[in-house]
Amino acid sequence: MANILNISSQAVTPWSNATSVFSSKSKFSLSSKLSLPHPSISVSGCRFSWMEEDLTSNRNTFRNGRRLSHVQLALPARSTVATSSLEDLFAFICSGPLVDKLGLTEEKIAESIDKWLLCASQLCRIFQLNELILNDAQKVRLYHYYIPVFLWCEDQISQHASKFKDGEEVPPLVIGFSAPQGCGKTTLVFALDYLFKITGRKSATISIDDFYLTAEEQGKLREANTGNRLLEYRGNAGSHDLSLSVETLTALRKLTKEGVKMKVPRYNKSAYNGRGDRADPEIWPEVEGPLTAILFEGWMLGFKPLPDEEVKAVDPQLETVNKNLRAYYDSWDKYIEAWVVIKIKDPSCVYQWRLQAEQAMRADGKSGMTDEEVMDFVSRYLPAYNAYLPSLYAEGPSGSDPNHTLVVEIDEGRNPILPVR
């Protein structure tokens, strides 16, 4: 391993110039400690429970205008260990479950070890961690999950840009993140968006939640589908303003020049006693070009309509949802050129994750759904999961290219797991 790293004694330097750091060939000493600084700063004061092993409040707001709903990433307490040597950390990185999927060898990782360290340093800044004292869960989340996915996204962006000639405007790459509720996709996208910012590239983040119908329109949908509990509240196909999503995605892809700006829709889930409504456009966040990437996340991105008899066998009320889904490819999926699919073994995990979050909120003195209310809430999504996840995992998202799709299988702790050999 020492031969692979081929290092000379040199301390790791701070990320003072992100764009040049990523192209450097710096080498580091196996015996040197990882002495990166840990400033007490964060973006908008964000703190995340999976990083701290205790659930904190949901009062924090991202710089992109999105409020991170109560973070549901409660991880089991584990012994704290010091990241003592680069050699140990190098071995840990090489053991990651996404290494093979990304085509990374020990030699390639060794050549880019500075990039791994500096990505981790910046994530520690935003999550307010001491990078010298990371527990096992934190190391896994940084080095086996967030950083590998970021490197994959960078590679996809490079491939995308290579399709255009010198001097041509390059539209931002739309990267879709299809992942069940509660599995941590919002935190993942937040981390990626921050790393893009640090490396001098601009990205925009949007969610399918941003395109829910207004409260008035949702009421009309409910009245038109009386008795169908899957369309009683927002969530399933049919409860989104597809024209708004087309308008937004089309406009975002045109942000290729400096100084060009636009506001991005956001949804207020707390309005009308939790039934929700579109947020006031006055408080929508503004994004400015030129954009490198658009990070688009949602629990049902990439779902494909199925034959009616198949969905009726899952739940008769899903038939209307299935018909509504037919319009979603042209409004969402066709814009997505690269996909990250977060795969789970059992949709019942969604219930457990939501239950954990609501119980933690109540224990923290905040209002939260009762266990019965959680069961009712999640039960309105489970038919779609049971119907559409098998084809999503077997065939990939609607319109996707396997060469531009990364599948990350996670366990009940929301950490990536090694694929079955």
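We number each residue from 1, following the sequence as shown. Any value given below was found using the heavy atoms of this structure, including those in side chains, with hydrogens, waters and symmetry copies removed. Remember, it's a predicted structure, so these values are computed and weren't measured experimentally.
- For Lys202, the NZ atom is densely surrounded, since the number of other residues' heavy atoms within 6.0 Å is greater than 12.
- Using a 4.5 Å cut-off on side-chain heavy atoms (C-beta onward), Arg141 and Arg414 make contact.
- Between Thr205 and Phe190, the closest side-chain pair of non-hydrogen atoms is not below 4.5 Å.
- Val264 is not listed as a side-chain neighbour of Trp284, based on a closest heavy-atom distance of 4.5 Å or more.
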Show your working on salt bridge (Lys or Arg N to Asp or Glu O under 4.0 Å) between Glu154 and Arg201 and close with a plain yes or no.
-> CA-CA 11 Å; Glu154 281 197 319; Arg201 291 168 291 190; 2.4 Å; yes
Check the pair Leu151, Leu98 against side-chain contact (heavy atoms from CB on, under 4.5 Å), reporting the backbone distance first and the verdict last.
-> CA-CA 11 Å; Leu151 297 178; Leu98 300 182; over 6 Å; no
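- The aromatic rings of Trp116 and Tyr143 sit parallel to each other, their planes meeting at less than 30°, with 60° as the upper class boundary.
- One finds no salt bridge joining Glu131 and Lys139 here, because no Lys/Arg side-chain nitrogen approaches an Asp/Glu carboxylate oxygen to under 4.0 Å.
- Aromatic ring pairs are classed by plane angle as parallel below 30°, tilted from 30° to 60° and perpendicular above 60°; the pair Tyr381 and Phe377 is tilted.
- The existence of a salt bridge linking Lys197 and Asp193 is excluded, since no basic side-chain nitrogen approaches an acidic carboxylate oxygen closer than 4.0 Å.
- No side-chain donor-acceptor contact under 3.5 Å links Glu337 and His404.
- Here Asp277 does not pair with Lys269 in a salt bridge; the nearest charged N to carboxylate O distance is not below 4.0 Å.
- Using a 4.0 Å cut-off between charged nitrogen and carboxylate oxygen, Lys185 and Asp209 do not count as a salt-bridge pair.
- Both tests pass for Lys343 against the ring of Tyr393: distance under 6.0 Å to the centre and angle within 45° of the axis.
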Begin from the C-alpha positions of Phe196 and Phe150 and carry the test ring pair (Phe, Tyr, Trp, His ring centres under 6.0 Å) through to its verdict.
-> CA-CA 9 Å; Phe196 280 124; Phe150 174 67; 5.3 Å; yes
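- The aromatic rings of His240 and Tyr212 sit parallel to each other, their planes meeting at less than 30°, with 60° as the upper class boundary.
- The cationic group of Lys304 does not satisfy the cation-pi geometry with Tyr388, failing either the under 6.0 Å distance to the six-membered ring centre or the 45° limit from the ring axis.
- Leu291 approaches Ala204 most closely through the heavy-atom pair CD1-CB, 3.9 Å.
- There is no side-chain donor-acceptor pair under 3.5 Å between Asp114 and Ser112.
- Contact check for Leu255 versus Pro290: no side-chain heavy atoms found under the 4.5 Å cut-off.
- The two residues Pro305 and Asn322 come nearest to each other via the heavy atoms CA-OD1, 3.5 Å.
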List the steps, then state whether salt bridge (Lys or Arg N to Asp or Glu O under 4.0 Å) holds for Lys263 with Asp280.
-> CA-CA 11 Å; Lys263 287 193 170 185; Asp280 186 338; over 6 Å; no
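- A 4.5 Å side-chain heavy-atom check between Leu123 and Leu195 finds at least one atom pair inside the cut-off.
- In summary, Arg234 and Glu217 do not engage in a salt bridge, as defined by a charged side-chain N under 4.0 Å from a carboxylate O.
- Within a 6.0 Å sphere centred on CD of Glu412, heavy atoms belonging to other residues, nucleotides or ligands number 12 at most.
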